[in-house]
2 protein chains.
Amino acid sequence: MNGLKSLTERQAAVYNFIVEKIQNRGYGPTVREIAEEFGIRSPNGVMCHLKALEKKGAIRRSPHKSRAIELVHDSVQRERGLVLAGRVAAGVLHEAVEQNERIDLGDMFHGPNLFALEVSGDSMIEAQIADGDYVVVREQPTARIGEMVVAETDDGDATLKYWYPEKNRIRLQPANSSMRPIYVQNARIRGVIVGVVRKIG
Amino acid sequence: MNGLKSLTERQAAVYNFIVEKIQNRGYGPTVREIAEEFGIRSPNGVMCHLKALEKKGAIRRSPHKSRAIELVHDSVQRERGLVLAGRVAAGVLHEAVEQNERIDLGDMFHGPNLFALEVSGDSMIEAQIADGDYVVVREQPTARIGEMVVAETDDGDATLKYWYPEKNRIRLQPANSSMRPIYVQNARIRGVIVGVVRKIG
DNA sequence: CATAACTATAGTCATTTGTACACTAGCTCC
DNA sequence: GGAGCTAGTGTACAAATGACTATAGTTATG
């Protein structure tokens, strides 16, 4: 995805050192700082690496400027946000074809195992979740009784419901008194709902 | 709070320029780049500002290094989030004593005129806003008919309601069929609701 | 009014820093 | 075997850059 795989081991080490300096210290290293870090005794040894990194698109530089190393990928800053994985309806979970879409909910909701789904339909309206809302889902394979989950049934449909395992079946309970619960033999939990976000206007 | 208020206008301008360069270009400016930007014809003119900024704690510098300006506050990153201004009930708006509390909703909700309120009570339950939810409010003195607002009446009470101005009065309409609308002669709009966020579990 | 703080000009100096050149050496691929 | 890539050493140089001194106008502040 980011093309950094094509870097050699040494180049990657240099790149990581540069990133680390920029992140932790706020400004990048000089050629000689890099040389010292890696025990390279000539500025030109570093120049070779920088030229290689620039050619491979990892960094950008301005000639004759000190510390003027610009990170092209800037990965640490751009990875904020949750993957918007698609829409979940009373019926089918429409997985987003393009998983590039992200919504950034800041510190409130973030983590490697969280993702977001847009809600379609009013099956959870009495749980104060309306059509068009986003639910934040923590990816996990189990849930406690009564938790709201994104569940996938045998026929591949996914749905947003309360999770009630019973003796020989599973009851998927909507929060809408005009709808009836769904009973299935098997269902796989995709995740548990940990948040709701609505944008108005 | 962050002490940046004590900066002079000129110093703040220089500081903002530095921040902008670091954010957009990835590395900070040199003394002479700052001088050129502000039409200062001597490096020493800038040195004075940098010394002042360092003394006031806005930046940190390493002597004899080029572009070695470190942002202490890193304000762009730390000023994320909305002020959690208090709780708004069917009744009184309890303004938070400590306005330090912030909730970070990322790119989804951010801006200088946005703040958040925790909802207390079920007066807007049929608008899918429950007790304990947070509403995101855009601060503004007017609203269109039917918009959901935070309104403050003459007696100082603030409330979360639909906004319906009528001929000789204002109707503040709850979204709860077991509650009656409130009619007042005057009411001041604190802001319009632009979002709802709920954390579950 | 005096003092401090802020802002600025002009010019100089020493250091930092990127760049270039010459040369070496190992490795892969055709 | 040569071309190309990687990874260096060592030296030298010029440009970039921060730091400094001296001087001075302005605006607050007491």
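Just so we're on the same page: letters track the sequence lines, and every chain starts at 1.
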Requested in this report: Output yes when at least one side-chain N/O atom of S66(B) is less than 4.0 Å from OP1 or OP2 of dT17(C), else no.
Outcome: yes

Query raised in the report: Is the shortest side-chain N/O distance from R67(B) to OP1 or OP2 of dT16(C) below 4.0 Å?
Result: no

Report task. May I ask you to verify if any side-chain N or O of K51(B) is less than 4.0 angstrom from the OP1 or OP2 atom of dG18(D)? Result -> no

Query raised in the report: G45(B) or L50(A): which one's nearest nucleotide on DNA chain C is closer to the 5' end?
Result: G45(B)

Requested in this report: Mark yes or no for whether E147(B), through its side chain, and R144(B), through its backbone, hold a donor-acceptor pair below 3.5 Å.
Outcome: yes

Query - Separation of dG18(D) C1' from E54(B) CD (nearest whole Å) - result: 13 Å

**Report entry** Spacing of H64(A) atom NE2 relative to dA16(D) atom P, expressed in whole Å
**Finding:** 7 Å

Query raised in the report: Are H49(A) and dG8(D) close enough that a side-chain N or O sits under 4.0 Å from OP1 or OP2?
Result: yes

Query - Short side-chain N/O contact to dT7(C) OP1/OP2 from T8(B), under 4.0 Å - result: yes

Query - OP1 or OP2 of dG8(D) under 4.0 Å from side-chain N/O of R10(A) - result: yes

Query - From CA spacing to verdict: side-chain contact (heavy atoms from CB on, under 4.5 Å), I193(A), V136(A) - result: CA-CA 6 Å; I193(A) 275 64; V136(A) 180; over 6 Å; no

Query raised in the report: Is any side-chain N of the basic residue among E166(A) and R169(A) closer than 4.0 Å to the acidic one's carboxylate O?
Result: yes

Report task. Send over the distance from Y15(B) OH to dT7(C) P, rounded to a whole Å. Result -> 16 Å

Report task. Tell me yes or no: between the side chains of S178(B) and N176(B), is some donor less than 3.5 Å from an acceptor? Result -> yes

Query raised in the report: Any donor-acceptor pair under 3.5 Å between the side chain of R32(B) and the base of dG18(D)?
Result: yes

Requested in this report: Would you kindly give the NZ-to-C1' distance between K55(A) and dT6(D), to the nearest whole Å?
Outcome: 10 Å

Report summary line: Hits for side chain to side chain donor-acceptor pair (under 3.5 Å) against E37(B), two or more places apart or cross-chain, chain-then-number order -> none

Query - Rounded interatomic separation in angstrom, taking CD1 from I34(A) and C1' from dG8(D) - result: 15 Å

Contact list (N/O, under 3.5 angstrom) for nucleotides 22-28 of chain D vs protein:
| from | atom 1 | to | atom 2 | distance (Å) |
| --- | --- | --- | --- | --- |
| dA22(D) | N6 | N44(B) | ND2 | 3.1 |

Report task. Let me know the distance between OH of Y27(A) and C1' of dA16(D), rounded to the nearest Å. Result -> 17 Å

Query raised in the report: Quick one: is Q11(A) getting a side-chain N or O under 4.0 Å of the dC5(D) phosphate, OP1 or OP2?
Result: no

Query raised in the report: Taking atom types as modelled and ignoring hydrogens, do the side chains of Y27(A) and S66(B) form a donor-acceptor contact shorter than 3.5 angstrom?
Result: no

Requested in this report: Take the protein atom NZ of K65(A) and the nucleotide atom C1' of dG18(D), then report the distance between them rounded to whole Å.
Outcome: 17 Å

Query raised in the report: Taking side chain as C-beta onward, heavy atoms only, is N186(A) less than 4.5 Å from T153(A)?
Result: no

Report summary line: note: M47(A), atom CE; dT11(D), atom C1'; distance rounded to Å ~ 15 Å

Query raised in the report: Do V119(B) and Y134(B) have side-chain heavy atoms sitting under 4.5 Å apart?
Result: no

Query - Members of residues 36-43 of chain A that approach DNA chain C, where some heavy atom sits under 4.0 Å away - result: P43(A)

**Report entry** Test log, rule side-chain contact (heavy atoms from CB on, under 4.5 Å), inputs W163(A) and M148(A)
**Finding:** CA-CA 6 Å; W163(A) 176 256; M148(A) 197 189 303; over 6 Å; no

Query raised in the report: Just wondering, do R190(B) and Q140(B) contact through their side chains at under 4.5 Å, heavy atoms?
Result: no

